[in-house]
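Atoms considered below: every heavy atom in the structure, side chains included; atoms not considered: hydrogens, waters and symmetry mates. Convention: sequence-line order gives letters A, B, ...; per-chain numbering from 1.
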2 protein chains.
Amino acid sequence: MQTQTITYRTPVTGSVPGMSQAESCSFETQIDMMGPAIPFTRNGEIYGEGERAEYLYKVLSGSVRTYKLLTDGRRQIGGFYLPGDIFGLEVGDDHTFSAEAIVDSKILVIKRSAVMALAARDAEIASELWSMTARELQRMQDHIVLLVKTARERVAGFLLEMASLQPLATEINLPMCRQDIADYLGLTIETVSRTLSQLENSETIALPKSRQILLRNRGALSQLNC
Amino acid sequence: MQTQTITYRTPVTGSVPGMSQAESCSFETQIDMMGPAIPFTRNGEIYGEGERAEYLYKVLSGSVRTYKLLTDGRRQIGGFYLPGDIFGLEVGDDHTFSAEAIVDSKILVIKRSAVMALAARDAEIASELWSMTARELQRMQDHIVLLVKTARERVAGFLLEMASLQPLATEINLPMCRQDIADYLGLTIETVSRTLSQLENSETIALPKSRQILLRNRGALSQLNC
DNA sequence: CGACCATTTGATATGGATCAAGCGATGTGG
DNA sequence: CCACATCGCTTGATCCATATCAAATGGTCG
């Protein structure tokens with residue numbers, strides 16, 4: 001059932017997680033020259049579920065959502081990707097999600113075969129690819145745990161996830177609309193909105209603008225996240 | 001409560017070359033001789049979340065659940081593993097779930113370093129490991145989609161998942177109790193039980209015994225699964 | 001300014017959780 | 001072999017969190 005046509009190797013040498021800055025830097029710098037930066041407009045499709053995963057992608061600016069559509073029209077968002085994030089790396093041959101730009105975005109598009117060829121020669125690159133897969137698996141597992149919680153816990157988890165990208169910042173600027181958040185968390189927009197309002201009333205967050213969130217009590221959020 | 005003392009050793013030098021489709025038969029036969037078969041009693045712990053993933057495991061008889069415990073005592077089951085299934089293969093260094101025997105089980109326990117060393121020399125093994133990871137990722141993604149559906153859809157999805165192991169059989173023999181199913185689907189036992197009763201009333205399934213389920217209308221289940 | 005879209009808020013409905021009781025199978029000791 | 005305790009499962013009654021339906025508000029851009 002599974003046909004794999006590309007040859008690549010993924011040496012697992014010593015340390016995979018917790019790579020030093022220098023190590024991942026080489027991957028980052030090398031990959032940055034491996035493809036063109038392509039602009040996508042808001043809501044523009046980057047790839048579709050089931051397509052061959054011929055490329056992988058790195059967000060230069062803007063942001064991206066991956067998602068699946070169910071037959072009845074429901075949409076499940078698998079993840080959000082912000083500048084610096086790499087997405088579209090599949091273990092199998094095909095994309096298991098679709099991907100769209102959330103806002104106008106610049107995306108680095110890199111031939112998978114080129115990366116794989118590089119990984120075959122450079123153990124560091126290979127290791128980095130392997131640990132990207134590990135992170136993706138981790139994200140999925142965390143998401144599963146999130147989805148069985150209450151609405152408040154889900155929203156808190158989402159906010160902390162967004163905040164973790166700038167751990168020190170107290171301000172979150174969301175690129176995505178409420179519907180995106182709702183489809184990520186398995187809730188409705190109304191519930192997301194109401195829950196955010198509740199968090200604002202309890203002075204856990206502030207909402208100066210609908211897509212700008214200030215964390216006023218990160219501890220309270222973390223507690224909800226348990 | 002079963003305590004399993006495991007000596008940790010430092011792992012893994014070698015490579016995991018990927019690619020080129022082949023049958024997993026050689027992998028299966030080779031792996032079967034790489035470790036001892038260990039008996040675990042019902043509810044016995046096989047490994048705990050956060051432990052070093054020093055081994056991987058193959059179910060010889062019985063069955064296994066993997067799970068996470070939340071701080072408030074809720075339990076999320078990540079997956080069920082039946083005879084022939086391999087589990088405990090992690091991309092990172094540590095187990096992200098705990099694992100327990102659901103019933104008295106015989107488990108083949110294989111040193112991860114040994115498998116990795118083998119994979120370094122044998123591209124077929126490496127490819128098989130890679131595609132096991134792909135399947136695991138796929139399972140997680142499918143689970144995410146399942147968890148945002150209605151109770152009836154989740155139960156239908158669960159039954160089809162169990163049935164897919166013997167695609168032609170019309171009879172499912174469940175090793176796990178209702179609580180396990182509930183914690184897998186993010187529902188309560190009562191809801192699982194009621195939903196099964198509903199499916200029986202609508203003649204979609206039959207329940208001769210509580211853990212034996214006959215599929216009387218697989219099409220109806222599949223439709224729910226969409 | 002006016003049209004349009006995103007977001008919030010309100011009122012009501014409902015699916016699943018919770019609380020509670022009953023039932024059936026399995027095992028144990030008398 | 002039966003009485004009884006235990007455990008897993010089902011069923012019933014009620015409650016509550018979230019969905020649904022509906023309307024108002026606000027923000028953006030022509």
Side-chain angles (χ1 to χ4, degrees), chain A residues 41-43 63 65 70 72-77 102-104 146-159 172-202 205-213 224, chain B residues 41-43 63 65 70 72-77 102-104 146-159 172-202 205-213 224:
Chain A
T41 57
R42 190 171 112 99
N43 297 326
S63 37
R65 60 180 168 249
L70 283 69
D72 62 357
R74 281 174 294 182
R75 181 183 67 158
Q76 179 59 39
I77 287 185
I102 295 174
V103 296
D104 291 351
L146 200 63
L147 289 176
V148 300
K149 297 185 180 178
T150 65
R152 189 171 312 181
E153 291 169 323
R154 293 187 217 189
V155 170
F158 168 75
L159 291 177
I172 306 175
N173 283 286
L174 300 173
M176 75 290 286
C177 67
R178 294 289 186 267
Q179 187 65 60
D180 288 338
I181 301 173
D183 289 346
Y184 179 66
L185 298 177
L187 300 169
T188 59
I189 37 173
E190 293 96 331
T191 298
V192 170
S193 182
R194 270 187 254 271
T195 305
L196 286 171
S197 298
Q198 282 170 27
L199 290 173
E200 188 178 29
N201 289 336
S202 62
I205 62 171
L207 283 162
K209 300 170 63 180
S210 72
R211 299 197 185 189
Q212 183 187 20
I213 295 179
L224 283 173
Chain B
T41 55
R42 190 170 112 99
N43 296 326
S63 38
R65 60 179 169 250
L70 282 70
D72 63 357
R74 278 173 297 182
R75 181 182 67 159
Q76 178 58 39
I77 287 185
I102 295 175
V103 296
D104 291 351
L146 199 62
L147 288 176
V148 299
K149 297 185 181 178
T150 65
R152 189 171 312 180
E153 291 168 325
R154 293 187 216 189
V155 171
F158 168 75
L159 291 177
I172 306 176
N173 283 287
L174 300 174
M176 75 290 287
C177 67
R178 294 288 186 268
Q179 188 63 62
D180 287 338
I181 301 173
D183 289 346
Y184 180 65
L185 298 177
L187 300 169
T188 58
I189 36 173
E190 293 95 332
T191 299
V192 170
S193 182
R194 269 187 256 271
T195 305
L196 286 171
S197 297
Q198 282 171 30
L199 290 173
E200 188 177 30
N201 289 336
S202 63
I205 62 171
L207 283 162
K209 300 171 61 181
S210 73
R211 299 196 185 189
Q212 184 186 19
I213 295 178
L224 283 173

**Study point:** Length of the CD-P vector between A:Gln198 and C:dT7, whole Å
**Key:** 18 Å
Check your understanding: If you check the A:Arg178 side chain, which of C:dT7, D:dT10, D:dG8 turns out closest?
Key -> C:dT7
Check your understanding: Step by step, would you call A:Leu185 with A:Thr191 a side chain to side chain contact (heavy atoms under 4.5 Å, CB included)?
Key -> CA-CA 10 Å; A:Leu185 298 177; A:Thr191 298; over 6 Å; no
Exercise for review: Decide side chain to side chain contact (heavy atoms under 4.5 Å, CB included) for B:Asp183 and B:Arg65; before the verdict, give the C-alpha distance in whole Å, the side-chain angles of both, and the deciding distance to 0.1 Å.
Suggested key: CA-CA 11 Å; B:Asp183 289 346; B:Arg65 60 179 169 250; over 6 Å; no
**Study point:** side chain to side chain contact (heavy atoms under 4.5 Å, CB included) between A:Thr195 and A:Arg154, intermediate numbers included
**Key:** CA-CA 10 Å; A:Thr195 305; A:Arg154 293 187 217 189; over 6 Å; no
Practice item. Using whole Å, report how far CG of A:Leu196 lies from C1' of C:dT7. Key: 10 Å
Study note, to complete from the structure: B:Glu200 atom CD is separated from D:dC9 atom P, nearest whole Å, by 15 Å
Check your understanding: To the nearest 0.5 Å, how far apart are CZ in A:Phe158 and CG in A:Leu187?
Key -> 11.0 Å
Review point. Could you run down nucleotides 17-30 of chain D 5' to 3' and tag each one B, S or - for protein heavy-atom contact under 4.0 Å?
Key: -SSBB---------
**Study point:** Distance, rounded to the nearest Å, where A:Met176 contributes CE and C:dC5 contributes C1'
**Key:** 18 Å
Practice item. For B:Arg178 and B:Glu190, indicate whether the former's side chain and the latter's backbone hold a donor-acceptor pair under 3.5 Å. Key: no
Check your understanding: Rounded to the nearest Å, what distance is computed from the CG atom of residue A:Leu207 to the P atom of nucleotide C:dA6?
Key -> 18 Å
Review point. Under 3.5 Å, side chain of B:Gln76 to main-chain N/O of B:Tyr184, donor-acceptor pair present?
Key: yes
**Study point:** Euclidean distance, atom CG of residue A:Leu199 to atom P of C:dT9 [Å, nearest integer]
**Key:** 13 Å
Exercise for review: Give me the bend of the helix from C:dC1-D:dG30 to C:dG30-D:dC1, using the axes of the five pairs at each end, rounded to 10°.
Suggested key: 30°
**Study point:** B:Leu159/B:Leu196 under side chain to side chain contact (heavy atoms under 4.5 Å, CB included): CA gap, chis, key distance, verdict
**Key:** CA-CA 10 Å; B:Leu159 291 177; B:Leu196 286 171; 4.1 Å; yes
Check your understanding: With a cut-off of 6.0 Å (strictly less than), are more than 12 heavy atoms of other residues, nucleotides or ligands near CZ of B:Arg74?
Key -> yes
Practice item. Find the distance A:Asp180:CG to C:dC5:P and express it as a whole number of Å. Key: 16 Å
Point to revise | Distance in angstrom units between B:Ile189 CD1 and D:dC7 C1', rounded | key: 11 Å
Review point. Taking the side chain of B:Arg42 as heavy atoms from C-beta outward, which of D:dG8, D:dT10, C:dT7 is closest to it?
Key: D:dG8
Review point. If you count the non-hydrogen atoms of other residues, nucleotides and ligands that lie under 6.0 Å from CZ in B:Arg75, is the total more than 12?
Key: yes
Practice item. Determine the contact category for A:Ser193: base if any of its heavy atoms lies under 4.0 Å from a base atom, sugar-phosphate if only primed atoms, P, OP1 or OP2 are that close, otherwise nothing. Key: base
Check your understanding: So, is B:Ser210 close to the D:dT10 phosphate, meaning a side-chain N or O under 4.0 Å from OP1 or OP2?
Key -> no
